[in-house]
Amino acid sequence: MTDADHPARPETGPSPLARRRFLGYVLAAPTLMAAAELVPASRARADIPSPEITELVDLNDVMTAAALPTSGLITVEVNEDGTVSFALPRAEVGQGITTSSAMLIAEELGVPLERVHVTLADARVELLFNQLTGGSNTTFSTYLPIRVAAAVARGRLLQAAASRWGVPVTGLTLTAGVVTGPGDRTADIAVLSRTAASMRTERMVVDLKPRDEFSVVGRPHSRIDALAAVTGRKKFTLDLDVPDAMPTMVCRPPTINGKAGSVSDLQAIRAMPGVSDVAVISTGVAVRAATFGQCIDAVRALKVFWKPGSAEGKSDQSVLEELHAAELPLGPPPLTPRVEGRFTFHFRSNSALEPNCAIADVRPDRAEIWSSLKAPIVAKEAIAAELGLPLRSVTVHVAEGGGSFGRKLFFDAALEAVEISQKIGKPVKLMWHRADDARQGRTHPMATSRARIAYLGNTVLSYTQRHTSVSTDLGHGLGEIFTALAARLPVGDIGFSQTFFQLSQSMPYDFGANSRLLSETDKGFNTGSMRNVYSPDVTCARELLIDQLAARMGEDPYRLRHDFLREDRSRAVLDKVAEVGDWGRDLPAGMAQGIAFHSEYHAVSAVLVELDCRPQTVGRPIRDGVAGPRVTKAVIAVDVGLAVNPRGVEAQMTGCLMDGIALALTSSLHLRDGHFLEASWDNYFYTRQWNTPPELKIVIMPATTGEPGGAGELGVAASMAAVACAYGRATGVMPTVFPINHATLSFSPKPTVPPIPASPTDGLDHVR
């Protein structure tokens with residue numbers, strides 16, 4: 001059966017839709033515009049013998065269910081020049097969703113990929129929960145709406161050609177943007193677009209293309225924005241040319257969330273070269289000038305009396321004591337043998353490669369904002385409330401972003417730019433300094449995790465885990481989703497964070513009775529949901545204990561995992577990394593392999609690494625840094641269901657591995673006297689070249705499901721856990737504090753006053 005056998009056609013009755021048959025709409029518009037109509041359906045199954053919540057419904061399901069009612073507002077438009085336009089209601093921050101979305105349209109509509117132009121939609125309040133980027137949910141939730149809308153457009157184009165030629169529509173095909181009919185007649189969609197458009201909205205029935213006919217989806221494609229990115233033509237927030245929006249920066253307090261008490265030299269600062277405005281705001285003192293360099297000079301010159309902040313006097317040790325006091329009990333020790341441990345995970349920065357930034361133009365009766373935002377509707381609502389304006393008077397443009405780490409779920413820079421613009425009455429182009437985001441920006445909370453595995457002989461009787469964390473801020477839209485769907489969630493009447501935790505954590509092993517609970521404390525920090533949120537810490541603790549269990553049972557760590565995993569697809573990815581990574585091969589003393597597994601959002605992953613912990617490697621001289629162990633080899637195997645763009649999945653997994661290495665070995669913030677010591681990426685040690693594996697293999701397994709699963713965050717937890725397990729096997733000591741190098745402060749902390757450190761002047765001294 002081909003698509004031409006079942007083109008889009010008006011709905012004639014309430015007959016049930018087949019597996020590939022869906023309803024959609026041709027919208028009233030001058031050119032062809034199409035949308036989907038999807039009926040909400042529950043994924044919950046009654047035949048699951050396991051009590052696992054995530055096997056009934058997980059966080060990705062919840063986000064998809066919340067987005068479904070407004071999926072018909074997502075439209076595909078065929079233009080008169082033969083191009084196809086799509087305004088994606090998600091944020092592109094480097095994960096490649098504009099490419100995968102374009103591929104879905106090209107596949108279903110039958111047009112070349114280069115003809116599909118994807119932009120990012122402005123904040124649209126009518127989309128409700130359909131404009132929130134996170135939880136590896138974009139492709140998962142938009143897969144059907146995009147395809148159905150494209151299929152409706154394809155059907156209308158075929159109908160337009162059939163009417164033009166006076167032939168049955170069943171004899172026509174649409175390939176590469178050209179409709180072909182009897183007698184070798186052809187017509188490009190450019191000439192059919194206006195004819196195919198409708199003066200009124202019409203409901204249609206369409207059949208989606210079967211998977212065995214896919215020619216675009218499932219094949220590796222380079223990113224559609226790659227050329228613009230590497231040639232500098234891609235536009236990020238700070239590249240936008242907004243009239244009169246001048247560079248703006250903020251002088252920030254020396255401690256977290258401190259407030260400006262008084263400023264002694266405002267007049268002198270206003271007289272500095274290029275400075276146009278200086279204003280005290282809720283987060284510090286804002287400076288607007290002709291260049292960012294002049295902003296920096298003014299910020300460094302300001303003399304401010306600062307009031308205490310929300311974390312005044314706190315340190316790593318004092319927060320750790322708070323966490324220990326808030327830990328929920330594991331319960332009485334079992335009478336059977338057990339392995340257990342307590343693990344500490346230090347603060348980590350959510351600072352992305354692109355500095356936190358926003359442009360704002362606030363007038364008495366309106367406001368316009370430009371920023372890379374993953375929750376633009378929430379930002380729009382907050383800005384409107386702050387300014388006392390109706391929602392219709394606030395416009396929020398979503399710009400492409402240079403990374404996120406969860407940072408862009410929050411709109412701190414946008415709110416700050418709005419406050420400054422309103423106060424001085426002029427447009428501003430706000431940029432945070434690197435030191436701002438490390439010290440005052442969002443951080444992944446410090447946490448502890450206690451876990452216990454009880455066993456008897458070769459049987460695991462129970463798994464218990466109690467995760468305790470500095471409070472995670474979920475005020476970016478996910479909390480609203482939980483509230484809206486509370487009656488339909490199988491988690492009872494619990495808080496936002498506990499709901500998030502339960503819906504994102506799975507137990508993939510047959511470990512008998514198991515329970516995982518979250519406890520949170522201390523709301524004095526600016527926190528955020530770093531990529532993979534709770535999973536890296538929770539999974540790392542579990543996988544380390546599994547290695548300990550294997551040692552107690554006299555089992556191979558890989559074989560024990562294999563035997564206890566519940567699903568065939570889980571065992572398949574584990575077997576694949578063991579095979580490709582040559583598990584068990586001989587390595588020199590001080591080197592070892594580590595293997596780990598993680599599942600979430602209808603996808604599964606396994607990672608094998610080889611880690612070099614020999615003294616000559618750990619002690620390598622690194623200027624103003626600590627070398628530590630090095631990952632020399634990594635193998636990742638994933639089953640993400642249908643991989644829309646395998647090349648994009650490979651890129652995501654590479655990034656996940658780098659995140660996992662950083663979390664295990666080097667990446668953390670040091671808290672002292674109410675502030676973090678790190679002040680830039682030169683002393684915040686995300687994975688560097690000296691810890692990047694020279695040998696990397698990524699295996700995307702054949703799809704075991706017909707739809708995409710969540711892939712964006714999938715590989716982080718297993719990567720971190722595999723590195724941690726390798727460290728334990730190489731050194732003979734199970735690591736319990738992360739990152740492993742946290743105790744070594746390898747740099748001299750820069751002062752907090754002025755808040756922006758002086759630019760380095762010794763670069764040439766280190767050229768070799």
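For clarity, every value in this text was computed on a predicted model and none was experimentally measured.
We find the NE2-CZ distance between H467 and F343 to be 12.0 Å, quoted to the nearest 0.5 Å. Note: H598 NE2 to S506 OG = 6.0 Å, rounded to the nearest 0.5 Å.
The ring-ring contact (aromatic ring centres under 6.0 Å, His included) analysis of residues 684-717, with sequence neighbours excluded, yields the pairs F405-Y686.
At least one side-chain heavy atom of M446 sits under 4.5 Å from a side-chain heavy atom of T344. Side-chain atoms of R620 and T617, non-hydrogen and from C-beta on, do get closer than 4.5 Å to each other. Within the 4.5 Å cutoff, the side chain of F747 has heavy atoms near those of the L677 side chain.
No salt bridge links R672 with D316; every basic N to acidic carboxylate O contact stays at or beyond 4.0 Å. Under 4.0 Å is where a charged nitrogen must lie from a carboxylate oxygen, and between E650 and R647 no such pair does. Remark: D612 does not engage R630 in a salt bridge, criterion side-chain N to carboxylate O under 4.0 Å. Electrostatic pairing of R442 and D473 counts as a salt bridge here, judged by a charged N lying under 4.0 Å from a carboxylate O.
Evaluation of the side chain to side chain donor-acceptor pair (under 3.5 Å) rule for Q652 yields R531 as partners, not counting sequence neighbours.
Under the salt bridge (Lys or Arg N to Asp or Glu O under 4.0 Å) rule, R561 has a single partner from D556, D547, D575, which is D547.
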